[in-house]
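All remarks here apply to the structure that follows.
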Amino acid sequence: MIQQTQGSRLDIRGVNKFFGDFCALKEINLTIEPGELVCFLGPSGCGKTTLLRIIAGLEQQTAGLLHQGVTDISRKPPKDRDFGIVFQSYALFPNMTVADNVAYGLRSIGMPKPQVASRVSELLAVVGLEDHARKYPAQLSGGQQQRVALARALAPSPGLLLLDEPLSALDAKVRHHLRSEIRSLQKQLGVTTIMVTHDQEEALAMADRVVVMNNGVIEQVGTPLEIYQQPASAFVASFIGAMNFFDSAPVNGQRVRVGNRELDLVRPLPSDQSCVQLAIRPEDVHLLPNGDGEWEGRVESMDYLGAFIRTRVRLSEVELELVVDVDPRSARQLELQVGACVCLNLPSDALHCFAA
Ligand SMILES: Nc1ncnc2c1ncn2[C@@H]1O[C@H](COP(=O)(O)OP(=O)(O)OP(=O)(O)O)[C@@H](O)[C@H]1O
Ligand SMILES: [Mg+2]
């Protein structure tokens with residue numbers, strides 16, 4: 001089996017990046033621990049690739065410092081930094097065989113020939129391509145090409161592996177398969193890894209921690225569970241998973257009014273707000289038989305999505321339509337159908353609140 005590398009810690013302090021007048025990254029502070037897999041997640045144009053390229057030295061930050069382990073890499077050129085990188089497009093050398101692609105980085109650091117050969121076969125075995133060593137990239141599928149790119153990036157045992165949307169050019173099945181392969185390889189090697197993605201499912205499934213970015217700032221850093229269950233901002237709450245939002249007026253520090261109802265919250269409200277946004281996930285709304293719940297409403301639509309039914313319920317007392325995910329079994333028991341009257345509860349421990 002392949003040897004573990006010593007993953008490095010990466011410390012990013014006060015990084016800013018301007019392209020002319022345009023501020024692409026604002027005051028980025030982030031520490032990535034040795035052996036961690038961190039995903040940069042956010043909408044198109046939020047600065048994910050720019051931050052990754054700054055870490056690689058392919059782009060120069062306007063301000064701020066980067067340390068890899070104890071080394072200040074802030075001004076080092078890419079060739080003097082210790083990383084391997086995989087891009088979205090396979091970016092293999094088309095005129096070189098698979099083996100030569102993987103050997104490329106090893107030859108350029110002057111590794112003796114016999115060692116190169118054994119390292120190349122070791123890596124091709126790790127990515128399951130030992131039988132394809134003599135082929136050229138054009139003779140491989142997209143998933144196979146991306147495995148070669150991964151083997152090439154890992155060949156010199158870098159302390160840091162950088163992946164920029166490595167799976168987004170692949171079809172769903174290959175993507176899912178390669179996702180778990182990359183994750184188990186990364187764990188096995190212990191290499192500190194940053195993966196850029198705009199696919200939230202990919203980030204939640206693979207990452208130890210997710211960095212949610214928007215408009216050049218970090219909105220939240222947390223484990224997939226924290227990001228999903230305790231979103232730090234309305235942006236994170238709306239970007240990750242589905243969420244119902246509605247306005248409310250504070251009554252006191254932990255109580256709000258919605259229409260002519262008052263709701264208790266388990267967390268204190270943001271202070272000095274005349275209006276706060278409440279939010280609840282579709283799976284957290286409890287649907288109950290008519291007459292049994294706190295709110296009454298009418299089913300507007302039902303979409304069967306396999307594991308659950310996405311149901312829209314229009315409330316009667318307030319101007320509000322909620323999306324509720326119901327499992328098919330409960331839907332049968334409730335005799336749920338479009339036009340039916342239902343009741344629902346909004347459990348206070350499932351309510352999130354954000355400054356409006
Ligand atoms: N060389 C450049 N010159 C000018 N603006 C740039 C340059 N590179 C990136 N930008 C701008 O900086 C912003 C962030 O770009 P970046 O490529 O980091 O986004 P991203 O989060 O990776 O998006 P995507 O998901 O689409 O890949 C964008 O508005 C982009 O237009
Ligand atoms: Mg990008």
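First listed ligand is number 1; within each ligand, the first listed atom is number 1.
With hydrogens and angles left out, the side-chain atoms of Arg119 and Ser157 include a donor and acceptor closer than 3.5 Å. If you check the side chains of Ser168 and Gln88, you find a donor sitting under 3.5 Å from an acceptor. Side-chain contact annotation: Gln186 with Arg183, donor-acceptor N/O pair under 3.5 Å present. With hydrogens and angles left out, the side-chain atoms of Thr197 and Glu202 include a donor and acceptor closer than 3.5 Å.
Atoms of ligand 1 lying under 4.0 Å from at least one heavy atom of Ala24, given by number and element, are 12 (O). For ligand 1 and Phe22, the ligand atoms under 4.0 Å from any heavy atom of the residue are 11 (C), 12 (O), 13 (C), 29 (O).
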- [ ] Test Glu319 against Arg314 for salt bridge (Lys or Arg N to Asp or Glu O under 4.0 Å), laying out the working first.
- [x] CA-CA 8 Å; Glu319 188 53 38; Arg314 174 158 295 285; 3.4 Å; yes
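Scanning the protein heavy atoms around atom 3 (N) of ligand 1, the nearest turns out to be Phe19 CD2, 3.4 Å. Among protein heavy atoms, the minimum distance from atom 27 (O) of ligand 1 is reached at Thr49 OG1, 3.9 Å. For atom 26 (O) of ligand 1, the closest non-hydrogen atom of the protein is Ser44 OG, 2.5 Å. Among protein heavy atoms, atom 23 (O) of ligand 1 sits closest to Gly45 N, 2.8 Å. For atom 25 (O) of ligand 1, the closest non-hydrogen atom on the protein side is Lys48 NZ, 2.8 Å.
Open room surrounds CZ on Arg312; 12 or fewer heavy atoms of other groups in view lie less than 6.0 Å from it. Heavy-atom contacts from other residues, nucleotides or ligands closer than 6.0 Å to CZ of Phe308 number more than 12.
Distances shorter than 4.0 angstrom occur between a heavy atom of Gly47 and an atom of ligand 1.
Atom 18 (O) of ligand 1 has its nearest heavy-atom neighbour, among Thr50, Asn215, Asn214, in Thr50.
Within a 4.0 Å radius of atom 30 (C) of ligand 1, the protein has no heavy atom.
The Mg ion (ligand 2) has an N, O or S atom of Thr49 under 2.8 Å away, backbone or side chain.
Evaluated for a side-chain contact (heavy atoms from CB on, under 4.5 Å) with Val221, the options Val212, Leu30, Val210, Ile227 yield exactly one hit, Leu30.
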